[in-house]
Amino acid sequence: MPELPEVEVVRRGLADHVAGRRIARATITGARVARRHEPGPVDLAARLLGSTVTAARRRGKYLWLELDRADALVIHLGMSGQLLVEPADAPLEKHCHARFEFADGDPQLRFVDQRTFGGLALSPVGPDGIPVVVAHIAPDPFEPAFDQRAVVLAMKRRDSAVKRALLDQSLVSGIGNIYADEALWRAQVHGERLCSSLTKPALSRILEQARQVMTEALGHGGTSFDALYVNVNGASGFFDRSLHVYGREGTPCDRCGAPIRREQFMNRSSYSCPRCQPRPRRHGG
DNA sequence: CTTTTCTCCTGTATGC
DNA sequence: TGCATACAGGAGAAAA
């Protein structure tokens with residue numbers, strides 16, 4: 001559920017409340033949250049002791065805390081991960097997997113994750129400033145390193161559905177199921193159209209719409225459907241009120257009035273307008 | 001190499 | 001009321 005705008009909201013919260021502070025104690029429980037850290041959660045916690053957080057950074061849906069040491073603490077929220085800034089005496093959440101206490105006292109930072117698709121890892125940082133465990137992810141549309149022309153060319157060469165390409169983080173990062181559907185509605189393209197069947201300007205428009213809808217969502221504090229996605233203060237964004245297709249099966253299209261349809265694609269729900277986004281005829285063309 | 005499918009997880013909603 | 005099932009879906013491993 002957290003996609004680029006939601007992760008960026010969390011990153012800003014970390015920058016405001018955690019940057020510049022020294023970790024006095026880390027408590028990481030359960031092997032799963034630290035599954036990307038081979039030596040395990042206890043070792044991970046021990047290695048963080050005494051480190052000062054120098055910055056909070058992001059690429060796509062990946063977050064990391066830059067530290068005053070070689071490695072960065074990489075965090076992925078997965079489906080349901082939350083980073084919460086709270087006083088030490090706040091009741092412990094049922095699915096709290098990590099707690100960070102700082103040398104200057106309250107507030108502390110907690111990683112809470114119901115479905116445990118998220119996780120923490122320590123990673124060296126490459127010369128480009130990107131942690132090596134994040135290096136396989138392409139730049140997101142908000143980065144200076146994002147080269148839209150190159151992404152369009154890479155998509156054009158692909159023999160797969162355009163929605164699949166939008167969700168492929170090695171092509172362009174940060175886009176998830178919600179914003180992919182919203183971008184495709186705005187561009188008036190069905191997600192099962194093959195990339196290779198779309199013109200370069202059409203592919204370019206889709207990417208533009210993706211960036212645009214994520215910009216707007218960020219301005220609204222992100223999208224939240226159930227209380228799972230929240231910022232570091234536990235508050236939900238309200239961009240869900242501005243969605244045109246996602247989660248709106250049967251309601252009239254905001255452009256033409258046709259009832260929004262829901263289809264299965266890649267074992268997930270896809271929402272689109274049957275009139276504005278006609279299905280491809282045969283092989284996606 | 002490219003592309004697709006499977007798997008991980010738990011709370012909530014729905015159906016019989 | 002209870003039990004079973006579907007669903008939410010990011011990302012990496014595995015398979016095709």
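Just so you know, these numbers use all the heavy atoms, side chains as well, and skip hydrogens, waters and symmetry mates. Residue numbers begin at 1 in each chain, while the letters A, B, ... track the order of the sequences. Nothing here was measured: the structure is a model prediction, and the numbers come from that model.
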Between S80(A) and dA8(C), is there a contact of a side-chain N or O with OP1 or OP2 at under 4.0 Å? no
Under 3.5 Å, is there a donor-acceptor pair between the Y179(A) and Q209(A) side chains? no
Charged N to carboxylate O below 4.0 Å: is that the case for R186(A) and E216(A)? yes
Nucleotide nearest H95(A) when distance is taken to its side chain, options dG11(B), dG10(C), dA11(C): dG11(B)
For Y179(A) and dG10(C), give me the distance from atom OH to atom P, rounded to whole Å. 11 Å
To the nearest Å, give me how far apart CD (E249(A)) and C1' (dA8(C)) are. 15 Å
Check every strand shown and say whether D159(A) touches a base, only sugar-phosphate, or nothing at a heavy-atom separation below 4.0 Å. sugar-phosphate
5' precedence on DNA chain B between R157(A) and N267(A) (nearest-nucleotide basis): R157(A)
Separation of dA11(C) atom P from L167(A) atom CG, nearest Å, is 10 Å
Decide, yes or no, whether a salt bridge links R32(A) with D113(A) under the criterion of side-chain N to carboxylate O below 4.0 Å. no
Mind checking whether F111(A) and H97(A) have parallel, tilted or perpendicular rings, split at 30° and 60°? tilted
For a quick check, tell me whether the side chain of R36(A) and the base of dG12(C) share a donor-acceptor pair closer than 3.5 Å. no
Of the candidates dA11(C), dC8(B), dG11(B), the side chain of H76(A) sits closest to dA11(C)
Comparing nearest nucleotides in DNA chain C, the 5'-proximal residue of the pair Q169(A), S269(A) is S269(A)
Just N and O in the side chain of H136(A): are any of them under 4.0 Å from OP1 or OP2 of dG12(C)? yes
For Q114(A) and dT10(B), is the shortest distance between a side-chain N/O and OP1 or OP2 below 4.0 Å? no
Examine dT4(B): is either OP1 or OP2 under 4.0 Å from a nitrogen or oxygen in the side chain of R164(A)? Give yes or no. yes
For R158(A), answer base if it contacts any base atom (sugar-phosphate contacts may also be present), sugar-phosphate if it contacts only those atoms, and nothing otherwise; contact means non-hydrogen atoms under 4.0 Å. sugar-phosphate
